[in-house]
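When a ligand or atom number is given, it counts from 1 through the structure's own listing order. Atom set for the values below is all heavy atoms of this structure, side chains included, hydrogens, waters and symmetry mates excluded.
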Amino acid sequence: MAGEIPFRRDFAFEYGRSERLTPLIRRVVARNPSPFTFKGTGTYIIGNGKVAVIDPGPKQQDHIDALLKALDGETVTHILITHTHNDHSPASAAIKAATGAKTYGFGPHGSGRPEERIGGQTEEGGDRDFVPDVKLREGDTIQGGGDGGAWHIGAVETPGHTSNHLCFALHEEDTLFTGDHVMGWSTSVISPPDGDMAAYMRSLNKLLYRDDAVYWPTHGPSIPEPKPFVQAFIAHREERSAAIVRALAAGDETIPQIVARVYVGLDPKLTAAAGRSVYAQLVELVEQTRVISDGPPSLETRYKLAR
Ligand SMILES: [Zn+2]
């Protein structure tokens with residue numbers, strides 16, 4: 001099933017090096033590879049001379065040093081945060097301290113509880129220290145630049161991966177920075193309660209009404225011609241949902257049973273994440289009254305088809 005998504009995993013880069021990607025976009029990749037971050041966090045620098053930074057990344061000194069070196073001689077006017085996972089927002093504190101720039105994001109980390117971190121992995125854990133100086137909402141636009149090229153960046157609300165996820169549209173280059181909402185190398189982890197499958201699907205649909213020429217996710221390579229890619233993700237989730245319904249029809253009642261049936265050949269390191277993904281789908285199916293559970297939906301609840 002997953003084979004139908006045209007994944008993009010060819011990714012040429014060098015850790016800690018500022019690479020020019022387009023006239024207005026540079027990137028520095030952090031050395032924090034994991035099953036959730038691919039090769040690591042890609043921090044984007046927008047503009048020349050007067051710049052915005054998107055997702056400063058993990059609280060990792062070598063990355064912070066590399067980023068500050070890349071920004072040497074320039075003025076950072078805005079620090080933008082797609083969402084508050086530990087591989088995206090924590091370094092904003094150091095970049096803010098070094099540059100005096102304000103931070104911009106939807107808001108602090110949402111309703112997720114710390115004990116619900118995926119399989120003990122901290123990369124995708126919530127950053128509970130981050131509070132944006134400026135809250136952004138749908139359509140809010142910030143502008144900057146100057147002699148090195150003016151830029152305008154609009155906020156696009158895309159809850160689902162987290163409740164506070166934003167994508168950022170760079171108008172001058174018809175580019176969308178998609179954070180972890182849409183990535184080329186993998187599907188997104190949707191982990192309740194802060195992750196919300198129904199919201200994620202709405203946020204995927206929302207992108208189909210846009211005309212972005214290219215996506216730059218936080219992890220991995222860019223996605224040119226993004227619409228068929230988004231459509232493939234939507235189809236993939238719908239197929240997963242159907243596979244879960246079939247597993248329930250076949251008598252499975254628990255999340256581990258469903259994972260074993262639906263995720264054949266899964267890397268054992270990803271079993272917990274797959275369980276959380278099935279859980280997210282079940283929460284949506286219960287909301288749709290297609291599935292019933294023997295208590296409020298959780299990882300331990302037993303599930304049955306409603307009819
Ligand atoms: Zn994330």
Open item on the list: For His165 and His88: C-alpha separation, side-chain torsions, deciding distance, then whether ring pair (Phe, Tyr, Trp, His ring centres under 6.0 Å) applies.
Closed with: CA-CA 11 Å; His165 197 289; His88 292 256; 7.5 Å; no

TODO: Start with the C-alpha gap between Lys206 and Glu138, add the side-chain angles, then the distance that decides, and say whether salt bridge (Lys or Arg N to Asp or Glu O under 4.0 Å) holds.
DONE: CA-CA 12 Å; Lys206 180 178 186 175; Glu138 179 71 26; 2.7 Å; yes

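Minimum-distance N/O/S atom of His85 relative to the Zn ion (ligand 1): ND1. Atom OD2 is the N, O or S atom of Asp180 at the shortest distance from the Zn ion (ligand 1).
Residue side and main chain included, His165 places no N/O/S atom under 2.8 Å of the Zn ion (ligand 1). At a cut-off of 2.8 Å, His88 does not coordinate the Zn ion (ligand 1) through any N, O or S atom.
Residues satisfying the side-chain hydrogen bond (donor to acceptor under 3.5 Å, both in side chains) criterion with Arg210, sequence neighbours excluded, are Asp212.
With salt bridges taken as basic N to acidic carboxylate O contacts below 4.0 Å, one links Lys227 and Asp211.
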